[in-house]
Amino acid sequence: MDRPSAPSRPSGLNHLVINVRDMEETHRFWTEMLGFRQVGQFGSGDPSGLQRKMRFYSADHGQGQLTHHDIAFCEVPSLPAPAGDGTLVSAIGHIAIAFPNREAWLRQLAYLQSRGVKFERRVEHGMTHSLYIRDPNGYSVELLYELPREMWEGDINGALNHYVALPTEGPAALEDRTEGIPVFTGA
């Protein structure tokens with residue numbers, strides 16, 4: 001085989017493994033609040049020898065189809081608790097979870113609000129409309145739906161730099177405009 005001159009391009013993020021303080025609290029949040037399904041767990045400790053409790057979760061990949069895991073959690077009880085404002089000093093900036101369409105995303109926002117989950121930020125980005133919340137461990141979780149590709153692919157950098165802050169409380173936190181959204185053409 002010839003020696004490659006450049007790396008192969010990955011097709012996307014396959015999964016994320018996150019350390020958590022309390023597995024049961026984390027499980028409830030990610031299944032009951034965010035709708036992930038547990039698909040597995042290490043029965044008698046981590047086969048790598050780390051001997052941590054570990055559980056694996058999948059999103060719905062269309063018509064109920066699951067994957068081996070999109071996200072997994074490792075229990076590390078000694079993990080520092082989030083600060084008083086809920087933030088955690090971590091190498092993870094946030095975890096982004098996509099919804100298949102605007103309607104599913106809006107239903108999720110209404111569900112979370114009805115369950116008392118605090119909305120940290122609501123944002124119109126140039127390529128997504130997003131809600132940011134915190135999980136029980138202090139990790140920032142972005143829930144989003146992607147705008148049509150033709151709205152942002154002409155100027156990805158412009159779309160990435162577009163930011164409109166929106167209300168995070170009350171009925172206004174569940175509103176999502178569809179008119180007057182910018183299109184980034186790179187003109």
Side-chain angles (χ1 to χ4, degrees), residues 12-22 25-37 57-60 70-73 79-186:
L13 182 64
N14 183 273
H15 68 272
L16 181 63
V17 177
I18 299 175
N19 293 331
V20 300
R21 285 184 328 283
D22 182 317
E25 178 183 54
T26 300
H27 170 82
R28 284 190 304 275
F29 182 83
W30 284 83
T31 58
E32 295 173 16
M33 295 298 152
L34 298 182
F36 278 76
R37 181 171 161 194
Y57 298 81
S58 178
D60 183 334
D70 294 303
I71 193 163
F73 301 102
L79 188 72
D85 65 358
T87 60
L88 176 70
V89 176
S90 166
I92 297 172
H94 66 269
I95 303 151
I97 299 170
F99 284 81
N101 55 49
R102 178 178 181 267
E103 292 73 27
W105 179 78
L106 285 168
R107 276 193 308 277
Q108 180 64 18
L109 269 60
Y111 174 75
L112 292 171
Q113 189 180 66
S114 75
R115 298 291 300 259
V117 174
K118 182 180 186 279
F119 289 12
E120 194 168 272
R121 286 189 296 149
R122 277 275 326 278
V123 179
E124 283 183 7
H125 293 298
M127 62 287 168
T128 67
H129 286 188
S130 302
L131 166 69
Y132 294 82
I133 60 175
R134 296 252 172 210
D135 89 339
N137 298 284
Y139 292 112
S140 179
V141 180
E142 176 186 8
L143 306 175
L144 64 87
Y145 76 91
E146 205 165 282
L147 297 172
R149 184 173 197 83
E150 58 271 11
M151 294 182 75
W152 52 264
E153 74 179 340
D155 182 6
I156 293 172
N157 188 58
L160 287 167
N161 282 284
H162 180 74
Y163 186 102
V164 176
L166 299 170
T168 58
E169 296 179 355
L174 302 177
E175 295 174 4
D176 184 58
R177 71 182 178 130
T178 56
E179 302 291 320
I181 298 171
V183 175
F184 298 88
T185 62

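Model, not experiment: these values are computed from the prediction. For reference, positions follow the sequence shown, starting with 1.
- To the nearest 0.5 Å, atoms OG1 (Thr31) and CZ (Phe36) are separated by 11.0 Å.
- Checked by atom type, the side-chain pair Arg115/Tyr111 shows a donor-acceptor distance below 3.5 Å.
- Residues Glu153 and Glu150 approach most closely at OE2-CA, 4.2 Å, considering heavy atoms.
- Side-chain contact check for Asn137 and Thr26: at least one donor-acceptor pair (N or O, by modelled atom type) lies under 3.5 Å.
- Using a 4.5 Å heavy-atom threshold, the side chains of Leu131 and Leu112 count as touching.
- Heavy-atom neighbours of Arg102 CZ from other residues, nucleotides or ligands within 6.0 Å: above the threshold of 12.
- Using a 4.0 Å cut-off between charged side-chain N and carboxylate O, Glu124 and Arg177 make a salt bridge.
- Ring geometry, His27 versus Tyr57: the interplanar angle falls from 30° to 60°, so the pair is classed tilted.
- The two atoms that bring Asn19 and Leu79 nearest to each other are O-CD2, 3.4 Å, heavy atoms only.
- To the nearest 0.5 angstrom, Tyr139 atom OH is 6.0 Å from Ile18 atom CD1.
- The closest donor-acceptor contact from the side chain of Gln108 to the backbone of Leu143 lies at 3.5 Å or more, if one exists at all.
- Rounded to the nearest 0.5 angstrom, Glu175 CD and Leu166 CG are separated by 9.5 Å.
- Gly170 and Gln113 get closest at one heavy-atom pair: O-NE2, 3.0 Å.
- Under a 3.5 Å cut-off, the side chain of Trp152 and the backbone N or O of Leu147 do form a donor-acceptor pair.
- Note on ring orientation: taking the six-membered ring where Trp is involved, the planes of His125 and Tyr132 are perpendicular (angle over 60°, cut-offs 30° and 60°).
- Between Met127 and His162 the shortest side-chain heavy-atom distance does not fall below 4.5 Å.
- Residues Leu34 and Val141 have side chains in contact (heavy-atom distance under 4.5 Å, counting atoms from C-beta outward).
- Remark: Asp135 CG to His94 NE2 distance equals 13.5 Å, nearest 0.5 Å.
- Contact of the Glu32 side chain with the Phe29 side chain is not registered, since no non-hydrogen atoms from C-beta on lie closer than 4.5 Å.
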Working note: Asp176 + His129, criterion side-chain contact (heavy atoms from CB on, under 4.5 Å); need CA distance, chi angles, decisive distance, verdict. CA-CA 8 Å; Asp176 184 58; His129 286 188; 2.6 Å; yes
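- Within the 4.5 Å cutoff, the side chain of Ile97 has heavy atoms near those of the Trp30 side chain.
- Arg122 places a side-chain N or O within 3.5 Å of a backbone atom of Ala173 that can act as its donor or acceptor partner.
- Residue Phe99 holds its CZ atom at 9.5 Å from CZ of Arg107, rounded to the nearest 0.5 Å.
- Side-chain contact annotation: His15 with Asp70, donor-acceptor N/O pair under 3.5 Å absent.
- Going from atom CD1 of Ile95 over to atom CD1 of Ile71 covers 4.5 Å, rounded to the nearest 0.5 Å.
- For Ser130 and Glu142, the side-chain atoms include at least one donor-acceptor pair closer than 3.5 Å.
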